[in-house]
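Here is the structure we will look at.
Start at 1 with the first residue, then count along the sequence. Keep in mind it's a predicted model, so treat the numbers as computed, not measured.
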Amino acid sequence: MNDHAYMARALQLAAQGLYSTHPNPRVGCVIVKDGTIVGEGWHQLAGTAHAEVHALRAAGTQAQGATAYVSLEPCSHQGRTPPCADALIQAGVARVVIAMQDPNPQVAGQGLQRLTQAGIEVQVLTGALNQQAEQLNQGFVKRMRSGLPWVQVKLAMSLDGRTAMASGESQWITGAPARADVQRLRARASAIISGADTVLTDNARLTVRANELGLPALEKHWAMQRTPMRVLVDSRLRVPHTHGFFQAGEAWLASYQKPELLTNGIHWLNIPEKKGHIDLTTLLKTLAQEQAANEVLVEAGPQLAGAFLQAGLVDEVVVYMAAKLLGSQANPLFTLPLNTMAEAVELNIQDIRAVGSDWRISCSVKNG
């Protein structure tokens, strides 16, 4: 095996933290001695040992003179756990290969510098594995570089591009496999955002339900180790605190009006008004800076989804399309007041796949 093959294994390990590492990045590590893997590990849960520590423990004394393959630059600062760069130095590894430099300003090359100063050979890979490492932590990378989370808008529609009947009825456009897929999107998100219309019309709670995840037992275990923030955008305070959304667990209310009463488990996010609505950019900045949100999933109706898109805040649109026709009176996918082709929002289709009897279309936003 070569460097690329060992790093591919490290990235495979890192992906096991897809649901559980928030707000930390997903990281995997492989220790190789004389062409043999002697230790490997992955970061499992924020506040617990990092990938390098797990791999070094598994390798034991065989780490001396070995090569460590790490999917992200080893940290050099003291957080809730000691610096991983120091652990690698103390273990006596001879070489460290990483897939990408850490965008965190607290690290940002300092881990590599510390390793080099200790006489360890350091190599940073480029190309496909570097891109794969960034993709795995796209939310963490964006938050560190821009102060904003990575935003994914999820929608379900009929074949004729409709999301609900004119009455608001929308359950269920898609089948059970597609809804299970959405549960997995929720489980990996740092925060889930919805609007008052969706919560009131659908009686939405936006929880992660273990029995609907459709994951193997071990993955389900890690997926349920943390709970995504549930954020309701409700500038006019239309959703009562007795509603199921607030009764389903800890929740955040984003509004520029202060509620008269805040019951236990409900937190007010004081977000300024912009043209009569919540300032969505400020909301996202608040979630990133105060709650360390890496990935945000927006599950909302056409008006709020359209507002995120118009504000240039969306990174990815995920549409679940059912083989149904809802008719011309039904609600559209987005509320977008566009008048000319020049105003059209351009998307890049990244992936199309069948999910049960429905289709999932994932698109990046060109101007997002």
Side-chain angles (χ1 to χ4, degrees), residues 149 151-156 162-174 179 182-183 185-187 189-212 224 226-288 290-291 293 296-311 313 330-335:
V151 178
Q152 182 182 61
V153 173
K154 165 263 164 185
L155 298 147
R162 304 293 171 164
T163 61
M165 303 308 293
S167 64
E169 180 188 358
S170 63
Q171 296 178 332
W172 296 103
I173 293 176
T174 55
R179 297 199 294 275
V182 173
Q183 286 290 313
L185 293 185
R186 289 181 185 178
S190 305
I192 305 165
I193 297 178
S194 193
D197 288 339
T198 297
V199 167
L200 289 171
T201 303
D202 295 343
N203 193 28
R205 301 190 178 204
L206 302 178
T207 54
V208 176
R209 298 182 286 276
N211 62 329
E212 295 180 31
M224 299 307 295
R226 47 165 293 270
T227 302
M229 292 178 64
R230 296 178 307 117
V231 182
L232 174 64
V233 174
D234 187 9
S235 57
R236 289 182 283 163
L237 305 179
R238 290 187 290 146
V239 181
H241 289 181
T242 55
H243 191 278
F245 177 86
F246 291 117
Q247 299 302 310
E250 197 171 21
W252 280 258
L253 171 63
S255 173
Y256 50 81
Q257 299 183 56
K258 184 176 182 179
E260 293 182 4
L261 175 67
L262 281 174
T263 57
N264 289 338
I266 302 177
H267 310 276
W268 178 43
L269 292 172
N270 184 9
I271 308 300
E273 175 266 350
K274 185 176 182 181
K275 297 181 180 179
H277 300 284
I278 290 289
D279 186 334
L280 297 178
T281 301
T282 300
L283 172 59
L284 292 179
K285 286 182 178 178
T286 300
L287 293 177
E290 297 182 9
Q291 304 295 331
V296 167
L297 175 65
V298 176
E299 289 195 61
Q303 186 169 339
L304 184 55
F308 270 101
L309 198 59
Q310 279 190 287
L313 298 171
N331 294 333
L333 199 62
F334 291 97
T335 298

| Smallest separation among heavy atoms of N203 and G244, with atom names | OD1-N, 4.5 Å
| Which pairs count as ring-ring contact (aromatic ring centres under 6.0 Å, His included) when at least one residue sits in residues 251-287, sequence neighbours excluded? | W252-H267
| request: May I ask you to test the F246-L232 pair for a side-chain heavy-atom distance under 4.5 Å? | output: yes
| Under the salt bridge (Lys or Arg N to Asp or Glu O under 4.0 Å) test, which residues partner E250, sequence neighbours left out? | none
| query | Does the side chain of V208 come within less than 4.5 Å of T227's, by heavy atoms? | reply | no
| Just by distance, do the side chain of S190 and the backbone of V296 share a donor-acceptor pair under 3.5 Å? | no
| query | Does the S255 side chain pair with the main chain of Q257, one donor and one acceptor, at a distance under 3.5 Å? | reply | yes
| task | Decide if atom CD of Q291 counts as having more than 12 heavy atoms of other residues, nucleotides or ligands within a radius under 6.0 Å. | result | yes
| said: Check whether Q247 reaches the backbone of H241 with its side chain - one donor and one acceptor, N or O, closer than 3.5 Å. | reply: yes
| message | Please enumerate all residues that pass ring pair (Phe, Tyr, Trp, His ring centres under 6.0 Å) together with H243, with sequence neighbours excluded. | response | none
| Closest non-hydrogen atom pair, A254 against L283 | CB-CD1, 4.0 Å
| Roughly how far apart are L269 CG and L287 CG, rounded to 0.5 Å? | 6.0 Å
| query | Are side-chain heavy atoms of L237 and L253 found at a separation under 4.5 Å? | reply | yes
| field | Under the salt bridge (Lys or Arg N to Asp or Glu O under 4.0 Å) test, residues paired with R236 that sit two or more places apart | value | none
| With no hydrogens and no angle check, is any side-chain donor or acceptor of E299 less than 3.5 Å from a backbone partner on L206? | no
| remark: For A189 and P228, the nearest pair of non-hydrogen atoms, with its separation, is O-CB, 3.4 Å
| field | Minimum side-chain heavy-atom gap L304-L280 below 4.5 Å | value | yes
| message | For a quick test of reading the model, state the closest non-hydrogen atom pair linking A293 to P149 and the distance between them. | response | O-CB, 3.4 Å
| said: The criterion is side chain to side chain donor-acceptor pair (under 3.5 Å); which residues satisfy it with R238, sequence neighbours excluded? | reply: D197
| Pick one: which of V298, V199, V239 meets side chain to side chain contact (heavy atoms under 4.5 Å, CB included) with S194? | V199
| field | pair I271-V233: side-chain heavy atoms closer than 4.5 Å | value | no
| Does T281 offer a backbone N or O that forms a donor-acceptor pair with the side chain of D279 under 3.5 Å? | yes
| field | Euclidean distance, L185 CG relative to I192 CD1, rounded to 0.5 Å | value | 9.5 Å
| query | So does E290 pair up with K285, basic N to acidic O under 4.0 Å? | reply | no
| said: Run the salt bridge (Lys or Arg N to Asp or Glu O under 4.0 Å) test against R179 and tell me which residues pass, sequence neighbours left out. | reply: none
| query | Does any N or O in the side chain of R186 come within less than 3.5 Å of the main-chain N or O of T207, such that one atom is a donor and the other an acceptor? | reply | yes
| query | Is there a side-chain contact between L297 and K154, using heavy atoms and a 4.5 Å cut-off? | reply | yes
| task | Measure from the side-chain N and O atoms of R230 to the backbone N and O of A191, and report whether any donor-acceptor pair falls under 3.5 Å. | result | no
